[in-house]
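Input: a single structure, listed below in structure tokens.
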Amino acid sequence: MSNWIARGLRRGILTTRYPHAADAMPPRYRGAAEIIAGAPVSSLAAGAEACLSRAILTDGHGPQLLMSRCFQCGACTRVAPDAFVLSPRFDVAIVDGHVADVRAQLAARVRRLGRSIMIRHVDAGSDASCEQEISALFNPFYDVNRLGLFLTATPRHADVLLVSGVVTHAMAEPLLRAFQAMPNPRVVVAVGTAASSGSIFSGPDIAGPAERIVPVDVAIPGAPPPPLSIIHGLWVALGKTEARYREYRT
Amino acid sequence: MTGTDAPEVAAALYEIRERIAAGSRLAAVFYEEVDGERLLHYVLANDGGLSALTGCVGFEPVPALSADIPAADWSEREIRDRFGVSFDGIPETRPLLPPGDPAALRRSSATEVSTVLYGPIRSGIVESARWVIETAGEDFIAVFPQMFFKKRGLEERFVDVDLELAPYVAEHVSGATAASHATAFARAVECALGVEIPERARAARTILLEFERVHQHLDSLGKLADDGSLAVGAAQTFAAKERVHRLLAEATGNRFSRGVVAVGGTRGDVFGALHETCASRLGTVEREATSVVEGLFNTQSLLDRLIGAGRLSSEIVQRYGGVGPVARGSDIRCDARATADGFMLAPIGSAEALERDGDAFARARVRQREIRESFGLIRRALDAAPSGTSCVAVPAASGCGLARVESPQGELIYGVRLVGGRLRRVAIRSASFANWPLFVPALPGNIFTDFSFIEHSFGLIQAETDR
């Protein structure tokens, strides 16, 4: 018989203190792309050309990088290193304008009931890595139970809906029904670039990004977003920290 | 994937059956249209490599290979549902893919008595798939997977994508096993164009594939521990998995090694980065992984749930063309790493992990041994430390290529056709696609609460099945 308790104690505390204290991804980590100020137009165009998910806009009001579309491959930084750079930052959640109301209602309800936040997950067409990163939230390194975040098996008492993957036509209705089964107020978080914007996906099987089916409050880009990004996004969704990005997605 | 002067399917089937009788395994059936001609490529595998026999769809219905070779069942049904080829003699008449009309999706298979629809959304953090379960109380009578809810049209997404960017598309087929998919795709293109990659890149890819095997095997074992209500054991197993992802993030910049495999080698000196990171990290990662899994196998309450669950005889696995740990748990020698075209820096020898019992315990035991074996292979590749460049240029040429790698779930095959350096057709036969049909014979005789143990002992990925 293995002595699991003794083994656990021998490992000591592995758990991050984030978001109460700073944590970081390793220096080589490739997060979202950013535009270098004053980059030449030709380099910006070359980067846009190399982007599989069309995250780089060069027309209209100056160059723009749509964070929700970037799946963090770094192709633009290779063809145009003078115009693009990948940031190792993980706090890349994007917030939608109306989330403030939902957050206030949710905070009031949680306070009134004196309880934790319950999370429900739906895979709408993911590449399987988002599920593994969401599961990782519950491993000893992140242990989000310490933050009062718990997983629930039923949408009936879920406060937060996590959607992963681009929504396929076959999953559109099951996703909508899961959302409709949740009580109000409810917060929807798109986990990953595919759920946030549709990423590289197009064609007859694809219904679109999660926001096409359910009202998305917070989007967490990444392919997949690491657990720290997801914690940050959940913290934004619950109104405990501010997002760095507000983006009117196209 | 050969030329277009192919014989009729019926004529091709004659030779295919002969080759299967002589010991080849039917690994995949790929559909392709070339200049208006509709082709079926039958991919056969043996230890010497992969070969494709092509038949052209003339008069329909064409005779079904699955009439007597169950390994063709899913491929032929998918081709029927997806491309409209009609077959004569497919034993299973249910559609494989869900109908396009959502109303029909709700109606389908809900009409039979004592039939339970389980999914596509299930409890927990799981991928979407549905099972049609026929049951009489506690026992499974029959179980039919109803999948492809997540079909994203990825084979089509490859067409005309620049070769520099196309590995990113492969990584979207299964992000959890991104290195396997990027490598299998890159290998198929390299075979098509006759490109030999540098040894340093081969060593890097070998290391990435073995780390991927370790984290996916730990994922499967952690889920089994969780199913067995072994809270601390599961937490410690997932902690060991987390350490692998942290090592990969430090070395490759991504927790799932995405974005580092390129056609022609690797993007940058990936081997150098792995070598540097492993020097300080590998010891702890290996110790944690191997010791926690040993702990699981010393916990009788967990083993009791695994022993006897979801038993598959080697005969059934062989007939259905099962691959990976599912095959090796039923005493079938099937490992792309041990084959002539298997691409390992140093092929694994006879010490292959095989188990005889064919149950969930046997499959878990295979994973335990393979975790240890993978660390050995990682160390050998690190020690070999081949010098030189990490990537070579590829010509903008035409050609067809078939390649396989041993992904954590088993043999993963990519087929590509290039014309003037542009991708025209990419076909994917994932290990999960090959293994799901075996779920059907694995369940009868078991009870409801065995379901998750059997599912997690298979350890398959829905995203690469549906693609």
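Quantities reported herein were computed from a predicted structural model and do not represent experimental measurements. Side chains are part of it too, since the values below use all heavy atoms of this structure and drop only hydrogens, waters and symmetry mates. Letters A, B, ... mirror the listed sequences (proteins, then strands); counts begin at 1.
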Whatever's closer than 4.5 Å to a heavy atom in chain B on Ser164(A) counts as neither

Checking heavy atoms, do the side chain of Ile134(A), its backbone, both or neither come under 4.5 Å from chain B? both

Please name the residue in the list Asp205(A), Ile206(A), Val167(A) that meets the side-chain contact (heavy atoms from CB on, under 4.5 Å) test with Arg152(B). Ile206(A)

Asp127(A) and side chain to side chain donor-acceptor pair (under 3.5 Å): which single residue from Lys150(B), Arg258(B), Arg467(B) fits? Arg258(B)

Heavy-atom contact with chain B under 4.5 Å, split by part of Leu86(A): neither

What part of Ala178(A) gets within 4.5 angstrom of chain B, counting heavy atoms only: side chain, backbone, both, or neither? side chain

CZ of Arg146(A): more than 12 outside heavy atoms within 6.0 angstrom? yes

Of all of Asn139(A), Asp123(A), Leu151(A), which one pairs up most often with chain B through heavy atoms under 4.5 Å apart? Asp123(A)

Output for pair (Arg243(B) CZ, Leu14(A) CG), nearest 0.5 Å, gives 5.5 Å

Take Arg157(B) and Leu52(A) through the side chain to side chain contact (heavy atoms under 4.5 Å, CB included) test and state the conclusion after the steps. CA-CA 10 Å; Arg157(B) 185 64 182 83; Leu52(A) 269 184; 4.0 Å; yes

Quick one: what part of Ala223(A) sits under 4.5 Å from any heavy atom of chain B, side chain, backbone, both or neither? both

Test log, rule side chain to side chain contact (heavy atoms under 4.5 Å, CB included), inputs Glu49(A) and Asp162(B): CA-CA 11 Å; Glu49(A) 179 73 18; Asp162(B) 194 278; over 6 Å; no

Taking the side chain as everything from C-beta on, heavy atoms only, tell me whether Ile461(B) gets closer than 4.5 Å to Glu131(A). no

In terms of heavy-atom proximity below 4.5 Å to chain A, should Thr277(B) be classed as side chain, backbone, both, or neither? side chain

State whether the side chain of Thr168(A) and the backbone N or O of Lys151(B) hold a donor-acceptor pair below 3.5 Å, judged by distance alone. no

Residue among Gly233(B), Gly259(B), Ser174(B) with most heavy-atom pairs under 4.5 Å to chain A: Gly233(B)

Taking every non-hydrogen pair under 4.5 Å, which of Val161(B), Leu154(B), Val292(B) racks up the most with chain A? Val292(B)

Honestly, the part of Asn254(B) sitting under 4.5 Å from a heavy atom of chain A is both

Closest approach of Ser291(B) to Arg11(A) (non-hydrogen atoms, all atoms of both residues): OG-NH2, 4.0 Å

Distance, nearest 0.5 Å, that separates OG of Ser199(A) from OH of Tyr168(B): 12.5 Å

If you count heavy-atom pairs within less than 4.5 Å of chain B, which of Gly8(A), Cys73(A), Pro174(A), Gly74(A) leads? Cys73(A)

Heavy-atom contact with chain A under 4.5 Å, split by part of Ala273(B): both

Any chance you could measure Ser135(A), atom OG, to Glu242(B), atom CD, to the nearest 0.5 Å? 11.5 Å

Please rank Thr252(B), Asp219(B), Val173(B) by heavy-atom pairs under 4.5 Å with chain A and give me the top one. Asp219(B)

Pairwise distance CZ(Arg267(B)) to CZ(Arg78(A)) - rounded to 0.5 angstrom: 4.0 Å

Atom pair NE2 (His245(B)) and CZ (Phe141(A)), whose distance is rounded to the nearest 0.5 Å: 11.5 Å

Contact winner vs chain B - Ala172(A), Ser126(A), Pro27(A), Pro26(A), heavy-atom pairs under 4.5 Å: Ser126(A)

Checking Thr177(B) against chain A: side chain, backbone, both or neither under 4.5 Å from a heavy atom? neither

Interatomic spacing from CZ in Arg255(B) to CD in Glu133(A) - rounded to 0.5 Å: 4.0 Å

Side chain, backbone, both or neither: which part of Glu464(B) has a heavy atom under 4.5 Å from chain A? neither

Using a heavy-atom cutoff of under 4.5 Å, enumerate the residues of residues 121-129 of chain B that contact chain A, numbered in order, or state 'none'. Ile121(B), Arg122(B), Ser123(B), Gly124(B), Ile125(B), Val126(B), Glu127(B), Ser128(B)

Check each atom of Ala136(A) against the heavy atoms of chain B and say whether the ones under 4.5 Å are side chain, backbone, both or neither. side chain

Let me know if Ile200(A) has heavy atoms under 4.5 Å from chain B in its side chain, its backbone, both or neither. both

Taking side chain as everything from C-beta outward and backbone as N, CA, C, O, which of these in Glu250(B) sits under 4.5 Å from a heavy atom of chain A? Side chain, backbone, both or neither. both

With respect to chain A, which residue among Ala463(B), Ala176(B), Gly153(B) yields the maximal number of heavy-atom pairs within a distance under 4.5 Å? Ala176(B)

Which heavy atom of Val232(B) sits nearest to which heavy atom of Trp4(A), and what is that distance? CG1-O, 3.6 Å

